Amino acid sequence: MQDILIKAACYIGIIVLGYVLRRRGFFGPEAFGVLSKIVLKLTLPCAIIASSAGKPIDISMLTIMLLGFGGGVLYMFIAALVHHGKSREEKAFAVLNTPGYNIGTFAMPFTQSFLGPMGTITTSIFDLGNAFICLGGAYGIAASVKEGRGFDLKRIIVGLAKSVPFMTHLIMVVLNLLHLAPPAPVVSFAQIVGNGNAFLAMLMIGVGFNLSGEKSQAGAIFRVLSVRYGLAAVLALCFYFLLPFALEVRQALVILAFSPIGSAVPVFTAELKGDVGLSSAINSMAILISIVIIVTLLVVML
C-alpha cells in the first residue's frame, strides 16, 4: 500500500513541478515542443526496447493484444458519436484524445510491482494492440476527420510508418516472436535513455498543462473524460467477470482498462495543430483520476 501511494505521489509531483517551472518562466513557449520530440522520438522508443528485449511471446496469448486494439477502436467510435454535430476540429480532437492507454510510463510500474510476472507479460501483450492506436492509428484517423476525408486507410498506414515508437514496437514484436534479441550494447543504451522516459513524459504534461477556466473548455474536458471512464468501467467488468483467463491476468486487465490516456497524445495533438493546452489538461486529469481508481482497485483486489 505504501509503495503504491509513493509511486502515485511521484507522478503527481513531477506534473506539478513541470507546471510550476513553466509558470515561473523556467520553461519558455518552445519547451513543450522540444520535450515532446525528445519523448516521442528518443526516450519512449528506448523504453520500449529496454522493456521488451529478450522476452519471447507465447502466440496463444496474442488474443490479449486484440483487447488493447479493440478497446481503442471502441473509444474512437463512441467519441465520434458523442461529438456528432460538432465541428470537424472538435470531433478530430475527441477522436485523438479519448483512446489509447498510457502503458509504459504509467500502468507497467503498477502491474509489474503488484501483480508479478504474469501481470507484466499481460501488460506487454496488451500494449502491442494499444500501440496501433496510441502511436499513430488514432492520429491518422483524427487527421482524416479534421480534413473531412472520411476513413483513409492509406493515411493511417503512413501515420503509423512515420511513428518512431510504433515502428520500434513492431520491430521488437517480430524479434520476440522469432526468439531474437537486439545486441547487448543496444539494450544497455536503450535502458539508460529509457529510464528517463517516465520523468520526461510527466514533466512534459505539466509544462503543457493549461486550464483557461472557460466553460467551453470545461465542457470539452467533461465530455472526453466521461466517455473515457464510463467505457473503462464497462470494459473492466467484462475483463474481470467474462474472460476465461487466470485471476492474475484478469486483475492486470482491469488495471489496464483504467490506465490514463497515452502520454504521447498531447504530442500528436500538437502535430495536428489542435489545442495542446486542453489536451495536456485532459491528460493530466486522466492521470489523477486513474491514480485514485487504480490505487483503490489494487487495495480491493489484493
Side-chain angles (χ1 to χ4, degrees), residues 7-8 11 39-40 43-53 55 57 61-75 97-139 160 163-173 176 190 194-202 204-205 228-229 231-232 235-236 239 248-268 283 286-287 289-291 293-295 297-298:
K7 177 70 72 174
Y11 281 128
V39 169
L40 196 62
T43 63
L44 181 55
C46 283
I48 293 171
I49 294 172
S51 64
S52 58
K55 294 182 179 178
I57 297 174
M61 288 195 68
L62 287 181
T63 53
I64 295 176
M65 179 178 68
L66 299 178
L67 300 178
F69 176 78
V73 173
L74 186 58
Y75 274 120
N97 281 267
T98 304
Y101 300 94
N102 187 339
I103 302 297
T105 61
F106 186 93
M108 181 66 80
F110 286 104
T111 56
Q112 186 176 26
S113 298
F114 301 102
L115 297 177
M118 187 57 70
T120 301
I121 294 172
T122 301
T123 302
S124 297
I125 296 176
F126 183 92
D127 196 27
L128 300 180
N130 173 58
F132 282 89
I133 303 298
C134 70
L135 297 181
Y139 172 77
L160 288 171
S163 171
V164 177
F166 175 78
M167 294 306 297
T168 303
H169 235 313
L170 184 60
I171 291 171
M172 294 307 299
V173 170
N176 287 337
N195 284 339
N197 185 62
F199 171 74
L200 286 177
M202 297 300 105
M204 177 193 73
I205 292 172
R228 176 75 187 191
Y229 287 97
L231 187 53
L235 290 175
F239 290 164
E248 293 85 354
V249 174
R250 288 183 284 119
Q251 288 174 333
L253 290 173
V254 168
I255 299 303
L256 294 171
F258 283 107
S259 298
I261 301 163
S263 59
V265 171
V267 180
F268 285 117
N283 207 292
I287 287 175
I289 293 171
S290 291
I291 286 174
I293 294 175
I294 289 175
V295 168
L297 287 172
L298 285 172

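Predicted model only: the values in this text are computed from it and were never measured. All residue numbers refer to positions in the sequence shown, counting from 1.
Closest approach of Ser259 and Ser290 over heavy atoms only: C-OG, 3.6 Å. Closest of all the heavy-atom pairs between Val267 and Met204 is CG2-SD, 3.7 Å. Residues Cys46 and Gly194 approach most closely at CB-N, 3.7 Å, considering heavy atoms. When all heavy atoms of Asn102 and Ile261 are compared, the pair lying nearest together is CB-O, 3.5 Å. Closest approach of Ala138 and Pro99 over heavy atoms only: CB-CG, 4.0 Å. Shortest non-hydrogen contact noted between Pro165 and Ile48 is O-CD1, 3.6 Å.
Between the side chain of Asn130 and the backbone N or O of Gly68, no donor-acceptor pair lies under 3.5 Å. Checking side-chain atoms of Arg228 against main-chain N and O of Thr98 turns up a donor-acceptor pair under 3.5 Å.
By the ring-ring contact (aromatic ring centres under 6.0 Å, His included) test, Phe132 is found to be paired with Phe166, residues two or more places apart in sequence or in another chain being considered. In this view, Tyr101 and Phe126 satisfy the ring-ring contact (aromatic ring centres under 6.0 Å, His included) rule, not counting sequence neighbours.
Around atom CZ of Phe69, no more than 12 heavy atoms belonging to other residues, nucleotides or ligands sit under 6.0 Å away.
From Thr122, atom OG1 reaches atom CD1 of Ile64 across 4.5 Å, with rounding to the nearest 0.5 Å.
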In sequence, state the C-alpha distance, the side-chain angles, and the governing distance for Phe268 and Leu40, and then conclude on side chain to side chain contact (heavy atoms under 4.5 Å, CB included).
CA-CA 9 Å; Phe268 285 117; Leu40 196 62; 4.3 Å; yes

